[in-house]
Amino acid sequence: MSALRIAVAGASGRMGRMLIEAVRGADDMVLAGALDIAASPAIGQDAAAFLGATSGVKITADLREGLAHAQVLIDFTRPEGTMAHLAACRELGVKAVIGTTGLSDEQKAQIATFAASNAIVLAPNMSVGVNVVLKVLEVAAKALKEGYDIEIIEAHHRHKVDAPSGTALKMGEVVAAAVGRDLKDCAVYAREGITGERDPSSIGFATVRGGDIVGDHTVLFAGTGERVEIRHQATSRANFAQGSLRAARFLAGRATGLYGMDAVLGLN
């Protein structure tokens, strides 16, 4: 079987470099493209130069050039860039693994439209562990839906631009659905001043930004006389990269459709 040809968006960023290293370390994949913004100082450099290696793939801002030889794009960039990348993927017949967070409802709807032409995996977190936690949360929330207040606490590095994290929001959506609520109606994202007593039907969010925290998420079910905490800590971006490669392999056998990591991992 020939190697799966992968392009990486945001190639000079922290996650992009982790993805390039992971692809180069996979026996069944080859790096076929590397994209970055035109202002990046890495434009024109070999995509593996940061590893002291040569891949033969130059980092480019030209979408057609960067996707020309790819079968799957892996994208952990920002919403505006991701939408432009997906439009090019649809035109060129390239499948996509999207880990970008901060997408609007309108952008998610557009991605669903793209998926009618190209197979796409869209997930706010590609970590295998996080996606197992999402299934655990579904079970826990159903059992703890009465008499327990639900709070979601997340922490990330100082460079993260969206809050709450996409993973925290996904956790909230899973919990809300499990207890028969709509997150849009019950989420509380900020508290300050005299807030009054806590609404027992609300789901609260707290955000921490600082240092080089890769990603911590805790869902707290606080009852009378006890509390249950379900927690995931990421200590390296390597787990996101490896989950992304699993998603790319999953797409190799699919022509169209929009999938989540639950489908990739067989959790649905």
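Remember, it's a predicted structure, so these values are computed and weren't measured experimentally.
Cation-pi contact between Arg254 and Phe250: present, with separation from the ring centre below 6.0 Å and deviation from the ring axis of at most 45°.
For Lys160, the salt bridge (charged side-chain N to carboxylate O under 4.0 Å, His left out) test picks out Asp162, with sequence neighbours left out. With sequence neighbours left out, the salt bridge (charged side-chain N to carboxylate O under 4.0 Å, His left out) criterion links Lys142 to Glu138. Here Asp46 pairs with nothing under the salt bridge (charged side-chain N to carboxylate O under 4.0 Å, His left out) rule; sequence neighbours left out. For the side-chain contact (heavy atoms from CB on, under 4.5 Å) test, residues two or more places apart in sequence or in another chain that qualify with Ala61 are Ala38, Ile43. For the side chain to side chain donor-acceptor pair (under 3.5 Å) test, residues two or more places apart in sequence or in another chain that qualify with Thr60 are Glu65. Every residue two or more places apart in sequence or in another chain that forms a salt bridge (charged side-chain N to carboxylate O under 4.0 Å, His left out) with Asp149 is listed here: Arg198. For Ala53, the side-chain contact (heavy atoms from CB on, under 4.5 Å) partners are Arg24, Ala48, Leu51, not counting sequence neighbours.
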Subject >> Arg14 vs His157, side chain to side chain contact (heavy atoms under 4.5 Å, CB included): CA-CA, chis, key distance, verdict >> reply: CA-CA 12 Å; Arg14 293 181 298 276; His157 52 87; 3.3 Å; yes
Subject >> Stepwise side chain to side chain contact (heavy atoms under 4.5 Å, CB included) test for Leu122 and Tyr259 >> reply: CA-CA 6 Å; Leu122 172 65; Tyr259 305 93; over 6 Å; no
**OP:** Apply the test side chain to side chain contact (heavy atoms under 4.5 Å, CB included) to residues Val8 and Leu31: give CA-CA distance (whole Å), side-chain angles for both, the deciding distance (0.1 Å), then the verdict.
**Re:** CA-CA 8 Å; Val8 173; Leu31 185 68; 4.0 Å; yes
Atom pairs and distances, donor-acceptor, side-chain atoms in residues 173-183, under 3.5 Å, two or more places apart:
from, atom 1, to, atom 2, distance (Å)
Arg181, NH1, Ser201, O, 2.8
Asp182, OD1, Lys184, N, 3.0

Pairs of donor and acceptor atoms involving the side chains of residues 229-242, under 3.5 Å and at least two apart or interchain, shall be tabulated with distances.
from, atom 1, to, atom 2, distance (Å)
Glu229, OE2, Arg227, NE, 3.3
Ser236, OG, Ala238, N, 3.0
Asn239, ND2, Ser127, OG, 3.4

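Taking 4.5 Å as the limit, every side-chain heavy atom of Val188 sits out of range of all side-chain heavy atoms of Ile203.
Among pairs with a residue in residues 205-215, those fulfilling salt bridge (Lys or Arg N to Asp or Glu O under 4.0 Å) read Glu154-Arg209, at least two apart in sequence or across chains. Evaluation of the ring-ring contact (aromatic ring centres under 6.0 Å, His included) test over residues 173-210, restricted to residues two or more places apart or in two chains, returns Tyr189-Phe205. Contacts classified as salt bridge (Lys or Arg N to Asp or Glu O under 4.0 Å) and involving residues 27-42 (residues at least two apart or in different chains) are given here: Asp28-Arg249.
When each of Leu35, Asn118, Val97 is paired with Leu73, the side-chain contact (heavy atoms from CB on, under 4.5 Å) condition holds for Leu35 and for no other.
Met29 and Ile98 sit in two unconnected hydrophobic clusters of ILVMFWY residues. Membership requires side-chain heavy atoms under 4.5 Å apart, directly or through other members. Note on Ile20 and Phe76: same hydrophobic cluster, where clusters join Ile, Leu, Val, Met, Phe, Trp and Tyr whose side-chain heavy atoms are under 4.5 Å apart, directly or indirectly. Placement of Ile120 and Val94 in two distinct hydrophobic clusters is found when ILVMFWY residues are connected by side-chain heavy-atom separations under 4.5 Å, directly or transitively.
Atom NE2 of His69 has 12 or fewer heavy atoms from other residues, nucleotides or ligands within 6.0 Å. Other residues, nucleotides and ligands contribute only 12 or fewer heavy atoms inside 6.0 Å of the NZ atom of Lys170.
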